[in-house]
Amino acid sequence: MIIFTYDKTFDGLLSCVFFAYEQKKFPDFILSESDQKPLFVDEQYRIITEKEKSLRVWKALEKKLSKIAQNMMLSVWLSELPETEMLLFRYIRKNIDYPEGVEMNFGDDDVLRIKEIAQKVAKEAEQLRQFVRFQETADGIYFAPVSPRYDVLSLIVSHFQSRYAGQPWIIYDTNRNTGLYYDTRSVVEVSFSQKDLSNLRLGVLDEEKLSSDETFFQQMWKEYFKSTTIKERINLKLQRQHMPRRYWRYLTEMQ
C-alpha cells in the first residue's frame with residue numbers, strides 16, 4: 001500500500017500527480033498530515049507543494065479538458081468530501097493516460113461522480129446567492145453569516161461584488177471560520193475569534209453591534225412577513241423544499 005501525504009491544497013494535490021508520474025509511484029491513499037493512516041503501509045511519501053510543478057500538471061489538463069470540466073474539478077475540490085483527493089487523482093490520471101481523455105465517458109464511475117458532486121456544489125452556491133441576508137453594523141459594514149455545506153464562498157464572491165459594488169460587506173462562513181471582506185475596492189479574507197464565532201453561529205449579531213436603522217428595518221420586515229402570511233396556506237414541506245431549513249437561522253423573517 002502506497003500513501004501520499006500533502007498540505008491539503010489544490011496545488012498540493014497537483015504536486016502529488018506530478019510526483020506520481022515522475023517516480024512511477026501511484027498512491028492508494030492521499031491524506032493530510034493530520035489524517036489517520038491505515039495500519040499496514042508499504043511506502044509513504046510526503047509531497048512538498050511546488051507551484052511550478054502543479055502548474056505544469058494544470059496546463060496539461062487544460063489541453064485535454066473543456067472549461068466546463070476544469071470548473072467541475074474545482075467544484076469537486078471545494079466539496080471537501082473525504083473521497084475528493086483520490087477521486088480527482090483517478091480522474092486526472094485517466095485524462096492524462098488516454099489520448100482523447102475521459103471527460104465525455106459517462107460510462108465511467110469517476111466521471112459520473114465528478115459530475116454529481118459538481119452539481120451539488122453548484123446548487124449550494126446558487127442557494128447561497130438567494131438566501132444571504134445582510135445586516136448593517138454600527139460601523140456601516142453589511143454583514144452576513146452563512147454556514148454552507150461546501151466551501152463555496154469563492155463561487156459567489158463575484159456576484160455580490162458586482163451587485164453591491166458601492167457598499168462594504170462581509171460574508172462569513174461560520175463552519176470554516178473564514179470570510180470575505182469587500183471594502184468597495186478589493187476582497188480580502190478575514191477571520192474572527194472563537195468567542196465571536198460562537199455568537200455568529202446563532203445567525204444574528206448582538207443588538208449593540210447593529211445600526212439603529214437595521215434594528216428598525218428588521219422589526220418592520222418581521223411585522224410585514226407576519227401580516228402577509230396566510231396561516232391556513234402554510235405548507236412547511238414545500239417551504240423546506242425551496243428554502244432548506246439550515247438557512248432559516250440567517251433569515252430575518254424566520255427568527
Checklist entry - Is there a chain of hydrophobic side chains (I, L, V, M, F, W, Y, each step under 4.5 Å between heavy atoms) that links Phe29 to Val17? => result no
Starting from Leu31, can I reach Ile47 by hopping between I/L/V/M/F/W/Y residues whose side chains sit under 4.5 Å apart?
no
Here the gap from Leu88 atom CG to Leu74 atom CG, rounded to the nearest 0.5 Å, amounts to 9.0 Å
So ring pair (Phe, Tyr, Trp, His ring centres under 6.0 Å) across residues 61-85, not counting sequence neighbours, yields Phe10-Trp77
One should read off an interatomic distance between Thr84 OG1 and Met86 CE, to the nearest 0.5 angstrom, of 12.0 Å
* With side chain to side chain contact (heavy atoms under 4.5 Å, CB included) as the test, would you mind laying out the steps for Ile92 and Met73 before giving the verdict? => CA-CA 9 Å; Ile92 291 170; Met73 283 183 57; 3.5 Å; yes
Rounded to the nearest 0.5 angstrom, the OG-NZ distance for Ser75 and Lys115 is 13.5 Å
Show every donor-acceptor pair shorter than 3.5 Å between a side-chain atom in residues 54-61 and any protein atom, with sequence neighbours excluded, or say none if there are none.
residue, atom, partner, partner atom, Å
Ser54, OG, Asp11, OD1, 3.1
Ser54, OG, Lys51, O, 2.9
Trp58, NE1, Glu62, OE2, 3.3

Less than 4.5 Å apart, any side-chain heavy atom of Ile2 and any of Asp42?
no
Review point. Between Glu116 and Lys120, is there a salt bridge with N-O shorter than 4.0 Å?
Key: yes
The complete set of salt bridge (charged side-chain N to carboxylate O under 4.0 Å, His left out) pairs with one or both residues in residues 75-92, sequence neighbours excluded, reads Lys8-Glu85, Glu80-Arg176, Glu83-Arg113, Arg90-Asp110
key: Over 12 non-hydrogen atoms of neighbours within 6.0 angstrom of CD in Gln23   = yes
> Would you say the side chain of Arg246 lies within less than 4.5 Å of the side chain of Arg149, judging by non-hydrogen atoms?
Replying inline: yes
* Asked: Same hydrophobic cluster for Leu81 and Leu128, using side-chain heavy-atom links shorter than 4.5 Å among ILVMFWY?
  -> yes
query = How far apart are the C-alpha atoms of Tyr91 and Val111, what are their side-chain angles, what is the distance that settles it, and do they pass the side chain to side chain contact (heavy atoms under 4.5 Å, CB included) test?
reply = CA-CA 7 Å; Tyr91 184 74; Val111 176; 4.0 Å; yes
field: Ionic contact status for Glu126 with Arg129, cut-off 4.0 Å
entry: yes
*Between Glu100 and Asn105, is any pair of side-chain heavy atoms under 4.5 Å apart?*
no
The ring-ring contact (aromatic ring centres under 6.0 Å, His included) partners of Tyr181 (sequence neighbours excluded) come to none
So CD1 of Ile68 and CD of Gln70: to nearest 0.5 Å the spacing works out to 10.5 Å
With clusters defined by side-chain heavy atoms of hydrophobic residues (ILVMFWY) lying less than 4.5 Å apart, directly or transitively, does Val41 cluster with Phe89?
no
Of all heavy-atom pairs linking Phe4 and Cys16, the shortest is CE2-O, 3.6 Å
* Asked: Would you say the side chain of Tyr142 lies within less than 4.5 Å of the side chain of Thr137, judging by non-hydrogen atoms?
  -> no
Could you list the donor-acceptor pairs under 3.5 angstrom formed between side-chain atoms of residues 150-161 and any protein atom two or more places apart in sequence or on another chain?
none

**Asked** When the ring centroid of Phe19 is compared with that of Tyr45, is the distance short of 6.0 Å?
**Response** yes
Between Asn175 and Pro148, the two heavy atoms sitting closest are ND2-O, 3.0 Å
- Task: May I ask you to check whether over 12 heavy atoms, not counting those of Glu22, lie within 6.0 Å of atom CD?
- Result: yes
Of all heavy-atom pairs linking Asn177 and Ser191, the shortest is O-CB, 3.5 Å
Between the CG atom in Leu112 and the CG atom in Asp109, the distance rounded to the nearest 0.5 Å is 6.5 Å
Hits for side chain to side chain donor-acceptor pair (under 3.5 Å) against Thr49, two or more places apart or cross-chain, chain-then-number order -> Asp7
Is any side-chain heavy atom of Leu65 closer than 4.5 Å to one of Asn95? yes
(Q) Taking Glu33's backbone N and O only, do any of them form a donor-acceptor pair with Thr5's side chain (distance below 3.5 Å, no angle check)? (A) no
One should read off an interatomic distance between Ser32 OG and Tyr6 OH, to the nearest 0.5 angstrom, of 7.5 Å
In terms of ring plane angle, is the pair Phe134 and Trp169 parallel, tilted or perpendicular, where the classes change at 30° and 60°?
tilted
Self-check item: Distance under 6.0 Å and angle within 45° of ring axis: Arg93 vs Phe26
Solution: yes
query: Does Lys37 NZ have over 12 foreign heavy atoms under 6.0 Å away?
result: yes
query: Are any of the side-chain nitrogens in Lys64 or Glu103 under 4.0 Å away from the carboxylate oxygens of its partner?
result: no
| said: Looking at Tyr21, is its backbone amide N or carbonyl O close enough to the side chain of Lys25 to form a donor-acceptor pair, meaning the two atoms are under 3.5 Å apart? | reply: no
Discussion item. Side chain to side chain contact (heavy atoms under 4.5 Å, CB included), that's the test. Do Leu180 and Ile170 meet it? Break it down for me.
Written reply: CA-CA 6 Å; Leu180 298 175; Ile170 295 175; over 6 Å; no
Heavy-atom closest pair (Asp173 atom, Ser147 atom, distance to 0.1 Å) is OD1-CA, 4.3 Å
Problem set entry | Cluster check Ile3, Leu14: I/L/V/M/F/W/Y, side chain < 4.5 angstrom | no
- Item | Evaluation steps, ring pair (Phe, Tyr, Trp, His ring centres under 6.0 Å), between Phe192 and Tyr172 | CA-CA 9 Å; Phe192 296 128; Tyr172 203 82; 4.5 Å; yes
